[in-house]
Peer 1: 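This is the structure I want to talk about, given as structure tokens.
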Amino acid sequence: TGNERVGRNLCNKLIDFKILRNPLFRMWIPACFLAIIGCVQIVIFIPPHAKDLHISDNNITLLVMIVGASNLISKILSAFLIYCNVMSKHQLIAVSLIITGVSFMLISFYTDFLTLSILTVIFGVFGSV
């Protein structure tokens, strides 16, 4: 029982469970969980979709690189926006989820490399938030 008490105290020091009492936090947990699952699937979906549109392997690789680069830049910019109080975290997440969702609902309109690269930029910028 002594080891259990030490383990429980260590766990309480490492993880602040008081955050679970915040109703706004509890609301965002399922939304962010579902968004993360959807975002991972989209990165996996882009190369086969581009292959079906007869886009070359080099351009497919470039599309994946565009997602990564725009993702990195977006993380820096979103942190800056939140730090400068331009937008709240909740507003940024909500706007990003809406833009990402709408852009992928229109997937049938992205039919060539240029339009798919626009989609990957949108996903990289807003999907990473």
Side-chain angles (χ1 to χ4, degrees):
T1 61
N3 289 336
E4 289 177 14
R5 187 174 297 145
V6 170
R8 204 172 310 133
N9 287 339
L10 180 62
C11 185
N12 287 336
K13 287 180 184 178
L14 292 175
I15 302 170
D16 187 9
F17 290 104
K18 287 185 257 179
I19 190 77
L20 294 174
R21 293 184 189 135
N22 184 337
L24 188 60
F25 180 77
R26 287 194 316 254
M27 180 190 75
W28 280 108
I29 289 174
C32 291
F33 178 75
L34 293 173
I36 288 170
I37 289 174
C39 289
V40 170
Q41 299 301 324
I42 290 168
V43 172
I44 295 169
F45 173 73
I46 288 174
H49 180 63
K51 193 75 145 173
D52 289 344
L53 295 174
H54 307 292
I55 294 176
S56 71
D57 289 341
N58 289 339
N59 285 342
I60 291 173
T61 305
L62 187 58
L63 288 173
V64 175
M65 288 173 49
I66 290 171
V67 170
S70 57
N71 191 330
L72 176 67
I73 293 168
S74 170
K75 288 182 189 255
I76 295 167
L77 289 177
S78 62
F80 180 75
L81 289 174
I82 292 169
Y83 180 76
C84 292
N85 292 323
V86 175
M87 291 180 93
S88 73
K89 291 178 234 176
H90 309 301
Q91 289 172 330
L92 187 62
I93 291 170
V95 167
S96 297
L97 286 174
I98 291 168
I99 290 173
T100 303
V102 169
S103 67
F104 276 96
M105 285 175 33
L106 304 172
I107 191 85
S108 61
F109 296 108
Y110 306 111
T111 57
D112 59 355
F113 175 73
L114 178 64
T115 55
L116 270 179
S117 61
I118 292 169
L119 174 69
T120 57
V121 168
I122 290 171
F123 174 69
V125 169
F126 296 104
S128 67
V129 172

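Scope of the values below: all heavy atoms of this structure, side chains included, with no hydrogens, waters or symmetry mates. Predicted, not measured: the structure shown is a model, and the values here were computed from it.
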Peer 1: Closest heavy-atom contact between Arg26 and Arg21?
Peer 2: NH1-O, 3.4 Å
Peer 1: Establish whether Ile118 and Met105 are linked, either directly or via other cluster members, by ILVMFWY side-chain heavy-atom contacts under 4.5 Å.
Peer 2: no
Peer 1: Starting at CG of Leu77, measure out to CD1 of Ile82 and round the result to the nearest 0.5 Å.
Peer 2: 11.0 Å
Peer 1: When rounded to the nearest 0.5 angstrom, what distance separates OG1 in Thr61 from CD1 in Ile55?
Peer 2: 11.5 Å
Peer 1: Where do Thr115 and Phe109 land on the side-chain contact (heavy atoms from CB on, under 4.5 Å) test, with the steps shown first?
Peer 2: CA-CA 8 Å; Thr115 55; Phe109 296 108; over 6 Å; no
Peer 1: Passes side-chain contact (heavy atoms from CB on, under 4.5 Å), Val86 versus Phe80? Steps please.
Peer 2: CA-CA 9 Å; Val86 175; Phe80 180 75; 6.0 Å; no
Peer 1: Could you pull out the closest heavy-atom pair between Ser70 and Gly124, with the gap in Å?
Peer 2: OG-CA, 3.2 Å
Peer 1: Would you find a donor on one side and an acceptor on the other, under 3.5 Å apart, between the side chain of Thr100 and the backbone of Leu97?
Peer 2: no
Peer 1: Check whether Tyr110 reaches the backbone of Thr120 with its side chain - one donor and one acceptor, N or O, closer than 3.5 Å.
Peer 2: no
Peer 1: Around Met65, counting heavy atoms of other residues, nucleotides and ligands shown, do more than 12 lie under 6.0 Å from its CE?
Peer 2: no
Peer 1: In sequence, state the C-alpha distance, the side-chain angles, and the governing distance for Leu119 and Phe104, and then conclude on side-chain contact (heavy atoms from CB on, under 4.5 Å).
Peer 2: CA-CA 8 Å; Leu119 174 69; Phe104 276 96; 3.7 Å; yes
Peer 1: Between Phe45 and Val64, is there shared hydrophobic-cluster membership here, with clusters defined by ILVMFWY side-chain heavy atoms closer than 4.5 Å?
Peer 2: no
Peer 1: Under 4.5 Å between side-chain heavy atoms, hopping through other hydrophobics if needed: is there a path connecting Ile99 to Ile46?
Peer 2: yes
Peer 1: Hey, which of Ile66, Ile60, Asn58 is the one that makes side chain to side chain contact (heavy atoms under 4.5 Å, CB included) with Leu62?
Peer 2: Ile66
Peer 1: Please tell me whether Ile73 and Leu81 are part of a single hydrophobic cluster in this structure, the criterion being side-chain heavy atoms less than 4.5 Å apart.
Peer 2: no
Peer 1: At what distance, to the nearest 0.5 angstrom, does CD1 of Ile93 lie from OG of Ser88?
Peer 2: 8.5 Å
Peer 1: Measure the CG-NZ distance between Leu24 and Lys89 for me, rounded to the nearest 0.5 Å.
Peer 2: 10.0 Å
Peer 1: List the steps and the verdict of side-chain contact (heavy atoms from CB on, under 4.5 Å) for Phe113 and Ser56.
Peer 2: CA-CA 9 Å; Phe113 175 73; Ser56 71; over 6 Å; no
Peer 1: Looking at CG of Asp112 and OG of Ser117, how far apart are the two atoms once the value is rounded to the nearest 0.5 Å?
Peer 2: 8.0 Å
